[in-house]
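Please read the structure below before turning to the comments.
We name chains A, B, ... by the order of the sequence lines, and we start the count at 1 in each one. This one's a predicted model, so the numbers in the text were calculated from it and none came from an experiment.
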Amino acid sequence: GENVEQHPSTLSVQEGDSAVIKCTYSDSASNYFPWYKQELGKRPQLIIDIRSNVGEKKDQRIAVTLNKTAKHFSLHITETQPEDSAVYFCAPATHNQGGKLIFGQGTELSVKP
Amino acid sequence: EAGVTQFPSHSVIEKGQTVTLRCDPISGHDNLYWYRRVMGKEIKFLLHFVKESKQDESGMPNNRFLAERTGGTYSTLKVQPAELEDSGVYFCASSQDRVNTEAFFGQGTRLTVV
């Protein structure tokens, strides 16, 4: 089955700095690569996703890059703000697995004002 | 439009008791998933319904867990009898199309078995 590794497990940055979280997966059939954000006590929410035919996608301060050859994708947050503090999960999925998400271990991002 | 709702938000039960969690997906979403996060670890898949049918229950820990989705609307997840290791946050998610589509999560049920 799919093996997902996410690094780092914790990340602390100063407000305004950039943050990068990397997710490595094992199943070459994975074709959907979302990132979820979970604030303390709240539900996980999709913040950005990318399909296997695209290498990079941006949405304001957030971007995701995909390297299918190396089987990893990364979340990039620029100009971080305190409200970006949360746990971030990558969750690659495969078409023939019914859409179930295989989550990474999570990265706790702390943005210090 | 209402999002995914879960009941109860918290539940504290004694070992050996039974607990039933409920999930109401977004109306019209055929796909319903159950996930669990134990002790701050990763969120793990439990099972997947397409309408009322179990599509994939490979993540169910053991036969103490029973999920149903009668009529293809809301779903229940029953744990009987509960064990200490069942403690965690149980999330439900729904989606319209299982292929590369956003899954909308409920707020979760925090289950504590004492």
Side-chain angles (χ1 to χ4, degrees), chain A residues 1-10 21 23-25 27 29-54 57 59 64 66 68 73 86-108, chain B residues 2-7 9-10 21 23-26 29-51 53-60 67 69 88-110 112:
Chain A
E2 175 86 281
N3 183 39
V4 180
E5 296 284 337
Q6 189 176 330
H7 296 282
S9 57
T10 60
I21 303 170
C23 183
T24 304
Y25 60 95
D27 189 349
S30 293
N31 57 0
Y32 177 57
F33 306 93
W35 284 95
Y36 281 82
K37 174 184 180 182
Q38 187 181 19
E39 296 178 67
L40 188 62
K42 295 188 177 180
R43 70 192 71 198
Q45 288 191 300
L46 179 73
I47 55 170
I48 196 165
D49 58 11
I50 193 168
R51 273 71 175 177
S52 60
N53 59 340
V54 178
K57 181 178 176 180
D59 183 3
V64 54
L66 171 65
K68 283 214 78 181
F73 61 112
V87 179
Y88 292 81
F89 293 95
C90 64
T94 306
H95 172 79
N96 61 4
Q97 292 290 314
K100 72 180 181 186
L101 304 171
I102 306 300
F103 284 85
Q105 300 90 331
T107 296
E108 185 172 359
Chain B
V4 178
T5 54
Q6 293 185 243
F7 304 95
S9 56
H10 294 84
L21 315 180
C23 169
D24 285 71
I26 293 173
H29 282 192
D30 288 341
N31 295 285
L32 187 151
Y33 305 85
W34 283 98
Y35 293 89
R36 176 174 75 170
R37 189 178 187 200
V38 175
M39 291 194 62
K41 295 184 178 179
E42 69 266 31
I43 300 171
K44 286 198 170 182
F45 168 81
L46 296 178
L47 87 159
H48 170 210
F49 283 100
V50 177
K51 296 184 180 179
S53 299
K54 290 178 185 175
Q55 189 75 11
D56 181 353
E57 50 185 330
S58 61
M60 294 288 263
R69 192 183 181 193
V89 181
Y90 290 76
F91 290 103
C92 173
S94 72
S95 68
Q96 279 186 310
D97 181 345
R98 63 185 171 190
V99 179
N100 294 353
T101 300
E102 177 177 1
F104 295 85
F105 280 77
Q107 80 280 11
T109 294
R110 180 175 294 278
T112 302

With a 4.5 angstrom heavy-atom cut-off, could you sort out which part of [X] is near chain B: side chain, backbone, both or neither?
{"X": "Phe33(A)", "value": "neither"}
{"X": "Pro34(A)", "value": "neither"}
{"X": "Val87(A)", "value": "side chain"}
{"X": "Gln38(A)", "value": "side chain"}

Min side-chain heavy-atom separation Leu101(A)-Tyr35(B) under 4.5 Å
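Yes, close enough: below the 4.5 Å cut-off.
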Subject >> Rounded distance [0.5 Å steps], CD in Glu2(A) versus CZ in Phe45(B) >> reply: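 Glu2(A) atom CD to Phe45(B) atom CZ measures 13.5 Å (nearest 0.5 Å).
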Decide if atom NZ of Lys44(B) counts as having more than 12 heavy atoms of other residues, nucleotides or ligands within a radius under 6.0 Å.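 Not buried by this count: 12 neighbours or fewer within 6.0 Å.
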Q. Is the CD atom of Gln105(A) crowded by more than 12 outside heavy atoms at less than 6.0 Å?
A.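 Yes, CD of Gln105(A) has more than 12 neighbouring heavy atoms, counting only those of other groups under 6.0 Å.
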Check: At a heavy-atom separation under 4.5 Å, does Arg37(B) approach chain A through its side chain, its backbone, both, or neither?
Finding: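 Only the side chain of Arg37(B) comes within 4.5 Å of chain A.
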(message) Lys54(B): which residues meet the side-chain hydrogen bond (donor to acceptor under 3.5 Å, both in side chains) condition with it, sequence neighbours left out?
(response)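 Checked Lys54(B) against side-chain hydrogen bond (donor to acceptor under 3.5 Å, both in side chains); zero matches.
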Applying salt bridge (Lys or Arg N to Asp or Glu O under 4.0 Å), can you list everything that pairs with Asp56(B), at least two apart in sequence or on another chain?
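Salt bridge (Lys or Arg N to Asp or Glu O under 4.0 Å) check on Asp56(B) returns Lys100(A).
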Closest heavy-atom pair and its distance - Pro44(A), Gly106(B):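 Reported closest heavy-atom pair: CD-O, 4.3 Å.
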